[in-house]
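Reading through the structure tokens given below for one structure.
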There are 2 protein chains.
Amino acid sequence: MPSPHPQNTRERILLTAIGLFADCGYAGVSMRDIATAVGISPPALYNHFANKEALYREAVSTAFADKSARLLQALRNDVPALTQLHDFVHGMTRELDEDDRFRRLLQRELLDADAQRLTFLGRFIFDEVQQPFMALLKSLRPQADAFLLSEMIFGMVKQHYELQPIHPHTTAGIDAHRSAVQIADAVLAVLRPYFSGD
Amino acid sequence: MPSPHPQNTRERILLTAIGLFADCGYAGVSMRDIATAVGISPPALYNHFANKEALYREAVSTAFADKSARLLQALRNDVPALTQLHDFVHGMTRELDEDDRFRRLLQRELLDADAQRLTFLGRFIFDEVQQPFMALLKSLRPQADAFLLSEMIFGMVKQHYELQPIHPHTTAGIDAHRSAVQIADAVLAVLRPYFSGD
DNA sequence: GTAAAGTGAATTAACGTTCGTTAATTATGG
DNA sequence: CCATAATTAACGAACGTTAATTCACTTTAC
């Protein structure tokens, strides 16, 4: 018995695949896994995607869609630079907090992606956010290495989420849960003296 | 014709497997891949390791061996705290710079490891370094959240290496190569005002 | 208005390949 | 001579994918 609403099967496949690929990686997920999770038979996937590689690429693109736009919302030029920095850092923690699949997919892409997928990632995700962010940092501290600085700030924000799986297995991390606001505030507490200095 | 020096076949397997697992992940590497890279037949692997899982665990353990000890060398209590911080940050960048397989394996473990492997990682790698590092940070700034701070500093150091694959595909990262010393100095430049303040 | 034809998405069955692994055997070094 | 480590052959399972078919719904024809 075919689905009564076949028109959104494609979206259900993509949403399911995003979660599975984020959890287990490209090689760790089979077409049968995806089909079973969606509730259809494996060959039905090929009515919507040419092959596994195409399905994976579309899943990644979907997961990354709007992310850069949402991050850029904080970089509105009509507020003070320090306020922009504050909003941007809080925006980053909020995005990472709300959708962990995005971060896991990103980490996997940085480890596994071929040149073509890296180009997509760099051109349409990274460039769009990093360029205006670097401009903001340059305005706050002209003599700084804005490139390294932008990377380091992203690393500060991201690291806590990256280490979350290991927190229950370390003595320091047993009660390590911090809210997105706490993390953003801790990052800004480190950054503020640096940007306020000469 | 068997190898004339079978006693070090095991080590050759481990060294080869570390590189392959770091590059392609657990599911992305087959026993045939490893055997071919070593130059032996696939069943010969089972003379040295019970199965793929055991070989993987031993490869990870080997890759992580001595890492914590090497990092702890910088935390000698007979030098000023700020000097310890300086040496530790430079030590971290040096370790990441010299052996990229370590970082890639670590990233993959944080994404893929089960509870047992996470326990090994947390107990024998993280705890050993993070506890003394947190004590150092607490001595430098008692009112700080030393746990978050230790994570953020590690994130600052690590991020540049994590993003290296994407640098050729971003406009900001085209000529992005920085030496280990440059990265450590940039991190310390951000941290110093924070630890010098009230 | 209803039957025929067509379309798209689902199914089951099955293909060739690769996977991790075992069995049986052979050769080597102490 | 015996333990160790290598080999070739092969097993069953899972892999990505294709083929053939069925089913439901839409469009067309009379």
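Since the model is a prediction, treat every value here as computed from it, not as a measurement. Lettering of chains follows the sequences in order, A, B, ..., and the numbering in each one begins at 1.
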L106(B), F124(B): one ILVMFWY side-chain cluster at the under-4.5 Å cut-off? yes
L121(A) reachable from Y56(A) in the ILVMFWY side-chain graph, under 4.5 Å edges: yes
Parallel, tilted or perpendicular, judged at 30° and 60°: which one describes the rings of F102(B) and F64(B)? perpendicular
Strand DNA chain D in bracket notation, Watson-Crick/G-U under 3.5 Å with | for pairs to another chain: ||||||||||||||||||||||||||||||
Mind calculating the distance between CG (N47(B)) and C1' (dT26(C)) to the nearest angstrom? 13 Å
Under a 4.0 Å threshold between the charged nitrogen and the carboxylate oxygen, would K158(B) count as salt-bridged to E162(A)? yes
Between dT11(C), dA6(D), dT17(D), which nucleotide has the shortest distance from any of its atoms to the side chain of S41(A)? dT11(C)
To the nearest angstrom, the CG-C1' distance between L55(A) and dT17(D) comes to 14 Å
From CG of N8(B) over to C1' of dA5(D), roughly how many Å is that when rounded to an integer? 13 Å
Spacing between I40(B) atom CD1 and dT4(D) atom C1', to the nearest angstrom: 14 Å
Length of the CG-P vector between L45(A) and dA19(D), whole Å: 17 Å
Tell me whether V157(B) is reachable from I166(A) by hopping between hydrophobic residues (I, L, V, M, F, W, Y) whose side-chain heavy atoms are closer than 4.5 Å. yes
Could R108(B) and Y26(B) be counted as a cation-pi pair, given that NZ or CZ must be under 6.0 Å from the ring centre and within 45° of the axis? no
Cationic N near anionic O, under 4.0 Å, D97(B) to R94(B): no
I'd like to know if the side chain of H160(B) pairs up with that of Q182(B) as donor and acceptor (distance under 3.5 Å, no hydrogens or angles considered). no
Roughly, in whole Å, what's the span from CZ in R12(A) to P in dA9(C)? 13 Å
Applying side chain to side chain donor-acceptor pair (under 3.5 Å) between T171(B) and each of R123(A), Q130(A), Q131(A), report the one that passes. Q131(A)
To the nearest Å, how far apart are I13(B) CD1 and dA6(D) P? 7 Å
Tell me the interatomic distance from H48(A), atom NE2, to dT7(C), atom P, rounded to whole angstroms. 18 Å
Can you give me the N/O atom pairs linking the protein to nucleotides 13-16 of chain D at distances under 3.5 Å, or say none if there are none?
unit_1  : atom_1 : unit_2 : atom_2 : d
dC15(D) : OP1    : S30(A) : OG     : 3.3
dG16(D) : OP1    : K52(A) : NZ     : 2.9
dG16(D) : OP2    : M31(A) : N      : 2.8
dG16(D) : N7     : R32(A) : NH1    : 2.8
dG16(D) : O6     : R32(A) : NH2    : 3.0

